[in-house]
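I have placed the structure first, in the form of structure tokens, so that the comments after it can refer back to it.
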Amino acid sequence: MKTLKMVFTLENDNVLTFSLQDPKEGLTQAEVEAAMQSMITKRAVVAGGSYAKSIKEAYIYETDKQELA
């Protein structure tokens with residue numbers, strides 16, 4: 001399973017990670033960072049009263065399920 005991880009730095013210097021399962025194929029770093037910046041500008045990301053102030057990182061995390069024998 002693929003998961004898009006979007007990591008923000010908050011105003012209080014804590015970190016907040018948004019995880020989205022099954023991101024579209026071919027997603028680019030520029031597209032993700034543009035979306036993240038829009039979320040910051042619109043103050044759509046808040047945790048514990050602190051808003052996101054910057055993008056820390058964004059990446060695709062991939063895991064595989066393995067059945068037990």
Side-chain angles (χ1 to χ4, degrees):
M1 174 182 9
K2 291 183 180 181
T3 305
L4 171 63
K5 300 282 188 171
M6 297 183 293
V7 186
F8 297 89
T9 302
L10 303 175
E11 293 171 333
N12 64 5
D13 293 324
N14 286 341
V15 173
L16 179 68
T17 303
F18 276 95
S19 299
L20 300 172
Q21 289 185 359
D22 301 319
K24 75 174 188 175
E25 289 295 321
L27 195 60
T28 67
Q29 188 74 21
E31 289 172 320
V32 173
E33 287 182 359
M36 291 174 75
Q37 189 57 55
S38 177
M39 293 167 74
I40 292 168
T41 301
K42 293 177 181 180
R43 297 178 63 87
V45 179
V46 62
S50 290
Y51 291 92
K53 68 176 181 179
S54 63
I55 297 168
K56 180 171 172 123
E57 64 180 329
Y59 58 93
I60 300 288
Y61 184 80
E62 195 167 350
T63 59
D64 291 320
K65 179 179 173 182
Q66 184 176 10
E67 296 295 329
L68 298 173

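Side chains are part of it too, since the values below use all heavy atoms of this structure and drop only hydrogens, waters and symmetry mates.
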Check: About how many Å separate CG of Leu4 and CD of Gln21, when rounded to the nearest 0.5 Å?
Finding: 11.5 Å

Margin query: Treating Thr41 as the side-chain partner and Gln37 as the backbone partner, does any N or O pair qualify as donor plus acceptor under 3.5 Å?
Written below: yes

Check: Any link between Val15 and Met6 through a network of hydrophobic side chains (Ile, Leu, Val, Met, Phe, Trp, Tyr) touching at under 4.5 Å?
Finding: no

Checklist line | Heavy-atom closest contact (Leu20 atom, Pro23 atom, distance) | finding: O-CD, 3.8 Å

Note to self: Is there a path of hydrophobic side-chain contacts, each under 4.5 Å between heavy atoms, that joins Met39 and Leu10?
What the structure shows: yes

Notebook entry, point to check: How long is the gap from OG1 on Thr63 to NZ on Lys2, to the nearest 0.5 Å?
Noted result: 11.0 Å

Next item on the list: Group every Ile, Leu, Val, Met, Phe, Trp and Tyr by side-chain heavy-atom contacts under 4.5 Å, then state whether Val7 and Leu27 land in the same group.
Entry: no

Notebook entry, point to check: Between Tyr59 and Val32, does a side chain to side chain contact (heavy atoms under 4.5 Å, CB included) hold up when you go through it step by step?
Noted result: CA-CA 9 Å; Tyr59 58 93; Val32 173; over 6 Å; no

Check: Asn14 versus Ser50: any side-chain heavy-atom pair under 4.5 Å?
Finding: no

Next item on the list: Of all the heavy-atom pairs spanning Glu31 and Thr28, show the shortest one and how long it is.
Entry: OE1-N, 2.9 Å

Notebook entry, point to check: Any chance NZ of Lys56 has more than 12 other-residue heavy atoms, nucleotides or ligands included, within less than 6.0 Å?
Noted result: no

Notebook entry, point to check: Applying the 4.5 Å side-chain criterion to the ILVMFWY set and letting contacts propagate, would Tyr61 and Phe18 be lumped into a single cluster?
Noted result: no

Check: What is the distance from atom OG of Ser38 to atom CD of Glu33, rounded to the nearest 0.5 Å?
Finding: 13.5 Å

Next item on the list: Using the rule that two of Ile, Leu, Val, Met, Phe, Trp, Tyr join whenever any of their side-chain heavy atoms come within less than 4.5 Å, decide whether Val46 and Met36 are in one cluster.
Entry: no

Notebook entry, point to check: So, for Lys5 and Ser19, which heavy atoms are closest and what is the spacing to 0.1 Å?
Noted result: NZ-OG, 3.1 Å

Next item on the list: Scan Ile40, Asp13, Asn12, Val45 and name whichever one has a side chain to side chain contact (heavy atoms under 4.5 Å, CB included) with Lys53.
Entry: Asp13

